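Predicted model only: the values in this text are computed from it and were never measured.
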Amino acid sequence: MVKGRSIPSPDPRANHLLAALPDADYQALASNLERMPMPLGMAVYESGGAQGFVYFPANSIVSLLYVLEDGASTEIAVTGNEGLVGISLFMGGETTPSRAVVQSAGHGYRVRGAILRKLFESSGEVQHQLLRFTQALITQMTQTAVCNRHHAVDQQLCRWLLLMLDRLSSNEVLMTQELIANMLGVRREGVTEAAGKLQAEGLIEYRRGRIAVLDRTQLEARVCECYGVVKKEYDRLLSWVAPQGRASN
């Protein structure tokens with residue numbers, strides 16, 4: 001039996017935040033980076049649990065979720081190769097009430113929180129970049145809360161799809177409607193109706209477990225203001241992120 005060749009994992013600098021670090025700071029961190037497969041559904045950390053590592057997605061996407069006592073959850077932010085997962089470890093909080101789960105499979109790198117915190121405290125440039133990413137992430141969390149409260153499900157779906165596309169190398173999102181409903185904190189029927197509207201308008205094509213965006217320009221025209229607010233702040237604060245894959249102004 002002939003075995004297929006393994007697909008090489010991405011370089012650590014596929015993560016834009018790592019790539020933007022001054023070379024001396026990157027080299028100080030590189031020897032402590034551990035390559036990690038990040039399969040779909042992997043829990044990067046649990047609500048209130050100990051967090052020993054900070055994760056830098058390379059070609060994966062991690063969803064930050066808030067989980068209620070009855071088990072229901074809602075996505076509050078997503079992070080891909082523009083940043084990191086585990087801000088509490090260098091901000092001094094150590095734990096967080098949110099849960100982090102891999103939403104799009106791939107690879108990433110992790111480093112012990114104590115090592116990154118030491119670099120954060122000793123390097124002004126590292127501190128500057130990590131704080132700018134934290135501000136951008138807080139903007140996304142805030143705008144998500146506003147969007148979930150005030151905008152229709154089809155607009156929320158447009159926002160979610162665009163955020164995913166900004167962090168993917170293709171125009172396809174692998175996700176069932178049930179999982180999308182869990183992410184948005186709405187009923188599955190609402191997502192089915194919203195996806196049906198977008199498909200009827202020629203913006204997306206939906207097949208079981210797969211959504212292909214056919215017309216990104218029209219999707220951007222259809223989305224609520226929340227996506228633009230988040231994108232503008234990410235473009236302003238995260239100057240190290242290459243513009244490809246992001247919507248034009």
Side-chain angles (χ1 to χ4, degrees), residues 16 40 57 59-66 72-83 101 103-105 135-238 241-249:
H16 298 305
L40 180 66
N59 58 359
S60 55
I61 300 175
V62 177
S63 176
L64 307 184
L65 305 167
Y66 190 86
S73 64
T74 300
E75 183 179 83
I76 56 176
V78 292
T79 297
N81 63 1
E82 80 281 5
V101 178
Q103 186 184 111
S104 181
Q135 182 178 340
L137 186 65
I138 291 172
T139 298
Q140 186 188 162
M141 291 177 174
T142 303
Q143 205 65 36
T144 297
V146 171
C147 190
N148 290 348
R149 175 64 179 84
H150 292 284
H151 294 139
V153 176
D154 56 325
Q155 292 178 307
Q156 294 180 46
L157 179 58
C158 289
R159 171 184 57 81
W160 185 85
L161 286 170
L162 288 168
L163 288 175
M164 290 294 289
L165 290 188
D166 285 347
R167 293 160 174 82
L168 292 170
S169 58
S170 75
N171 70 329
E172 288 193 345
V173 177
L174 302 179
M175 184 72 66
T176 65
Q177 289 187 7
E178 183 176 358
L179 286 176
I180 295 173
N182 289 338
M183 295 295 176
L184 298 180
V186 299
R187 297 178 63 190
R188 184 180 183 277
E189 292 79 5
V191 173
T192 300
E193 182 180 352
K197 287 181 181 179
L198 298 181
Q199 183 160 259
E201 294 172 17
L203 277 61
I204 67 171
E205 181 181 55
Y206 178 75
R207 296 179 182 177
R208 185 170 180 81
R210 183 187 302 268
I211 297 177
V213 175
L214 304 179
D215 192 333
R216 176 170 180 143
T217 300
Q218 287 303 310
L219 198 67
E220 290 174 7
R222 188 81 154 68
V223 75
C224 56
E225 65 195 76
C226 298
Y227 170 71
V229 171
V230 173
K231 178 193 175 301
K232 183 177 179 180
E233 280 297 272
Y234 269 67
D235 288 347
R236 180 179 74 87
L237 293 166
L238 311 189
V241 178
Q244 64 260 29
R246 293 188 176 273
S248 58
N249 291 324

note = Separation between CG (Leu238) and CD (Gln135), nearest 0.5 Å, reads 9.5 Å
remark   = One should read off an interatomic distance between Thr79 OG1 and Gln140 CD, to the nearest 0.5 angstrom, of 6.5 Å
key: Close side-chain approach of Glu225 to Val146, heavy-atom, < 4.5 Å   = no
inquiry  = Once rounded to the nearest 0.5 Å, what's the spacing between atom CD of Glu178 and atom OG1 of Thr192?
reply    = 10.0 Å
inquiry  = Within this structure, what is the OG1-CG distance for the pair Thr74 and Leu184, rounded to the nearest 0.5 Å?
reply    = 8.5 Å
ask   = Heavy-atom distance under 4.5 Å between the side chains of Val229 and Lys232, does that happen here?
value = no
task = Could you tell me which residues satisfy side-chain contact (heavy atoms from CB on, under 4.5 Å) with Ser60, sequence neighbours excluded, listed by chain and number?
result = Met38, Pro57
request  = Kindly indicate, with the supporting measurements, whether the criterion side-chain contact (heavy atoms from CB on, under 4.5 Å) is fulfilled by Asn171 and Arg216.
outcome  = CA-CA 9 Å; Asn171 70 329; Arg216 176 170 180 143; over 6 Å; no
request  = For residues Leu64 and Met141, determine if any side-chain heavy atom of one lies less than 4.5 Å from a side-chain heavy atom of the other.
outcome  = yes
task = Answer yes or no: is there a side-chain heavy-atom contact under 4.5 Å between Ser104 and Arg167?
result = no
key: Residues that Arg208 engages under salt bridge (Lys or Arg N to Asp or Glu O under 4.0 Å), provided they are two or more places apart   = none
remark   = Hits for side-chain contact (heavy atoms from CB on, under 4.5 Å) against Arg187, two or more places apart or cross-chain, chain-then-number order -> Glu189
request  = Write out all pairs satisfying salt bridge (Lys or Arg N to Asp or Glu O under 4.0 Å) with one or both partners inside residues 192-203, taking only residues at least two apart or from two chains.
outcome  = Glu201-Arg222
key: Counterpart residues, side chain to side chain donor-acceptor pair (under 3.5 Å), relative to Gln143 (two or more places apart)   = none
request  = Taking all heavy atoms of Leu219 and all of Cys158, pick out the closest pair and write down the distance.
outcome  = CD1-SG, 3.6 Å
query = Where is the tightest heavy-atom contact between Tyr234 and Leu137, given as atom of each residue plus distance?
reply = OH-CA, 3.5 Å
note = For Val78 and Glu75 the tightest heavy-atom approach is CG1-OE2, 3.2 Å
Distance (rounded to the nearest 0.5 Å) between Leu203 CG and Leu214 CG = 8.0 Å
inquiry  = Ignoring hydrogens, what is the shortest heavy-atom contact between Gln103 and Leu40? Give both atom names and the distance.
reply    = O-CD1, 3.1 Å
inquiry  = Can you list everything that forms a salt bridge (Lys or Arg N to Asp or Glu O under 4.0 Å) with Glu233? Sequence neighbours excluded, please.
reply    = Arg236
inquiry  = I'd like to check the side chain to side chain donor-acceptor pair (under 3.5 Å) partners of Arg188; sequence neighbours left out, ordered by chain and number.
reply    = none
request  = Please list, chain by chain and in numerical order, all residues satisfying side chain to side chain donor-acceptor pair (under 3.5 Å) with Ser169, sequence neighbours excluded.
outcome  = none
query = Hey, does the side chain of Gln199 reach the backbone of Tyr206 with a donor-acceptor pair shorter than 3.5 angstrom?
reply = yes
message = Going by the rule side-chain contact (heavy atoms from CB on, under 4.5 Å), which residues pair with Ala152 if we only count those two or more places apart in sequence or in a different chain?
response = Asp154, Gln155
inquiry  = To the nearest 0.5 Å, what is the distance between NZ on Lys231 and OG1 on Thr139?
reply    = 14.0 Å
task = For residues Val153 and Ala194, report the shortest heavy-atom separation together with the two atoms involved.
result = CG1-CB, 3.9 Å
query = Mind checking what makes side-chain contact (heavy atoms from CB on, under 4.5 Å) contact with Val173, not counting sequence neighbours?
reply = Trp160, Leu161, Met164, Leu165, Leu168, Met175
